[in-house]
Amino acid sequence: MLSDEELLRYSRQILLRQIDVEGQLRLKQARVLIVGVGGLGSPVALYLAAAGIGELHLADFDRVDLTNLQRQVMFDEAALGRYKAEAAVQRLEAMNPGIRLVTHLAPMDSDTLDQAVADVDLVVDCTDNFTVREAINRACVERRRPLVSGAAIRLEGQLTVFDPRREDSPCYHCLYGHGDEAELTCSEAGVAGPLVGTVGSLQALEVLKLLAGFGEPLVGRLLLIDALGTRFRELRVKRDPHCGVCGPRHAE
């Protein structure tokens, strides 16, 4: 049930016929893992906390650095040197004390990542490391958890949703294969702050759609964002039947 205070807090959201009280209850009962509380993870966590997601798990072993403040809107100078996940908890608790917050401060191996994914209903990938993305994807496929994946670098962004509960859904490996270990990060190539805010906000919206059960999630579609020309383009992505992660020989 929703309390009178919750009905008031989320009233503008509940007014949407696609959400209503039933959808808000689903959000309240949901558990979401956000991997990476940086440029993408900041708006994701802020919007999901504000929307009333019942339990947010924040995974990040990095500390807040001065160079983060240009785009990681979760933090201010008072947070410098603190673990990002711990600083985020303080901010999110002040915003919405009615939700539960869980932190993961140590780097995850395959076992701890698998357990972290098993403990939630949905995962949001806000990292910028290909190896970590592959590991998150594999855990989500094995545990059949939806994965909302976003990326941003320079003036270009990407967004998609992988849902292993659906037979037609590709996974991260279907789309990117073995990737490129030499892929640049934001610290090497740069990135515009509002761009990561845009991608992160769209990730949060996809989470609400999946959990509350409305709209058309970006499953099988890759959204490409060109911030330089302010253009959005969509590509269709099919599941690879021979994928080494979600292919039939890996299905249980």
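- V237 and I136 fall within a single hydrophobic cluster, where Ile, Leu, Val, Met, Phe, Trp and Tyr side chains are chained together by heavy-atom contacts under 4.5 Å.
- Q18 contributes no side-chain N or O that, together with a main-chain N or O of A212, makes up a donor-acceptor pair within less than 3.5 Å.
- Remark: the backbone N or O of G23 is not paired with any side-chain donor or acceptor of D20 at under 3.5 angstrom.
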Exercise. Should V207 and L211 be marked as a side chain to side chain contact (heavy atoms under 4.5 Å, CB included) after you check the CA-CA gap, both sets of side-chain angles, and the distance that decides it?
Worked result: CA-CA 6 Å; V207 172; L211 294 176; 3.6 Å; yes
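- Atom CZ in R138 sits 13.0 Å away from atom OH in Y172 (nearest 0.5 Å).
- Salt bridge present: D114 and R143 bring a charged side-chain N and a carboxylate O closer than 4.0 Å.
- Here L222 contributes atom CG and Q158 contributes atom CD; the two are 5.0 Å apart, rounded to the nearest 0.5 Å.
- Counting heavy atoms from C-beta on, the side chains of V148 and V161 come closer than 4.5 Å.
- Between K238 and P170, the shortest heavy-atom distance links the atoms O-CB, 3.7 Å.
- One N or O on the side chain of R221 and one on the backbone of P217 form a donor-acceptor pair closer than 3.5 Å.
- Residues V102 and L58 do not share a hydrophobic cluster, defined by chaining ILVMFWY side chains whose heavy atoms lie under 4.5 Å apart.
- Side chain of R91 to main chain of M74: a donor-acceptor pair is present (N/O by atom type, distance under 3.5 Å, no hydrogens or angles).
- Inter-residue side-chain proximity for C246 and H173 is flagged as unmet; no heavy-atom pair is nearer than 4.5 Å.
- For the pair F130 and G177, the tightest heavy-atom approach, listed with the atom from each and the gap, is CZ-O, 3.5 Å.
- Annotation for G157 and V199: closest pair CA-CG2, 4.1 Å, computed over non-hydrogen atoms.
- Residues C171 and C243 are in side-chain contact: their nearest non-hydrogen atoms beyond the backbone lie under 4.5 Å apart.
- Screening E6, Q13, Q29 for a side chain to side chain donor-acceptor pair (under 3.5 Å) involving Q24 leaves a single residue, Q13.
- Looking at every heavy atom in both residues, L218 comes nearest to T160 through O-OG1, 3.3 Å.
- Between P146 and V123 the shortest side-chain heavy-atom distance does not fall below 4.5 Å.
- A continuous path of hydrophobic side-chain contacts links L147 to L235 [ILVMFWY only; heavy atoms under 4.5 Å].
- Tracing side-chain contacts under 4.5 Å through hydrophobic residues (I, L, V, M, F, W, Y), one never reaches I19 starting from L25; they form parts of separate clusters.
- Looking at heavy atoms from C-beta onward, L33 lies in side-chain contact with H104 at the 4.5 angstrom threshold.
- Proximity of a side-chain donor or acceptor of K28 to a complementary backbone N or O of M1 within less than 3.5 Å is detected.
- Side-chain heavy atoms closer than 4.5 Å link hydrophobic residues (I, L, V, M, F, W, Y) into clusters, and following such links, even through other members, never connects L27 to L205.
- Applying the 6.0 Å contact sphere to CG of D4 captures no more than 12 heavy atoms from other residues, nucleotides or ligands.
- Distance alone, capped at 3.5 Å, is enough to place a donor-acceptor pair between the S42 side chain and the G38 backbone.
- Within the 3.5 Å criterion, the main-chain N or O of V37 finds a donor-acceptor partner in the side chain of D60.
- Nearest heavy atom pair, residue S169 against residue P164, reads OG-N, 4.5 Å.
- Using a 4.5 Å heavy-atom cutoff, the side chains of Q203 and C126 are in contact.
- Nearest heavy atoms, A49 versus M95: CB-SD, 4.2 Å.
- Within 6.0 Å of CD in Q115 there are more than 12 heavy atoms belonging to other residues, nucleotides or ligands.
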For this session: Please report the C-alpha distance between L69 and F75 in whole Å, then the side-chain angles of each, then the deciding distance to 0.1 Å, and finally whether the side chain to side chain contact (heavy atoms under 4.5 Å, CB included) criterion is met.
Result: CA-CA 7 Å; L69 302 187; F75 313 115; 4.0 Å; yes
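- Taking CZ from R9 and CD from E5, the interatomic distance works out to 6.0 Å, rounded to the nearest 0.5 Å.
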Exercise. Given D125 and T127, is the side-chain hydrogen bond (donor to acceptor under 3.5 Å, both in side chains) satisfied, shown in steps?
Worked result: CA-CA 6 Å; D125 183 353; T127 66; 2.7 Å; yes
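- Between the side chain of R63 and the backbone N or O of G81, at least one donor-acceptor pair lies under 3.5 Å.
- Within the model, atoms CG of N137 and CG of L175 stand 10.0 Å from one another, a figure rounded to the nearest 0.5 Å.
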Exercise. Would K209 and E216 count as a salt bridge (charged side-chain N to carboxylate O under 4.0 Å, His left out) if you check the C-alpha gap in whole Å, the side-chain angles of each, and the deciding distance to 0.1 Å?
Worked result: CA-CA 7 Å; K209 287 159 61 179; E216 182 184 356; over 6 Å; no
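- Note that CD1 of I99 and CD of E55 are 10.0 Å apart. Values are rounded to the nearest 0.5 Å.
- T112 places a side-chain N or O within donor-acceptor distance of the main-chain N or O of D109, the cut-off being under 3.5 Å.
- How far CG of L48 is from CG of L122: 9.0 Å, rounded to the nearest 0.5 Å.
- Looking at R166 and V219, their side chains come closer than 4.5 Å, going by heavy atoms from C-beta outward.
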Exercise. Step by step, would you call L159 with S149 a side chain to side chain contact (heavy atoms under 4.5 Å, CB included)?
Worked result: CA-CA 6 Å; L159 176 71; S149 178; over 6 Å; no
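- Counting heavy atoms from C-beta outward, L80 and D65 have side chains that stay 4.5 Å or more apart.
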For this session: Output, in order, the C-alpha distance, side-chain angles, deciding distance and verdict of side chain to side chain contact (heavy atoms under 4.5 Å, CB included) for Q72 and V196.
Result: CA-CA 9 Å; Q72 299 182 17; V196 294; over 6 Å; no
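- No more than 12 heavy atoms of other residues, nucleotides or ligands lie within 6.0 Å of OH in Y47, so this atom counts as exposed by the packing criterion.
- Judged by distance alone, with hydrogens and angles left aside, the side-chain atoms of R31 form a donor-acceptor pair with the main-chain N or O of D119 at under 3.5 Å.
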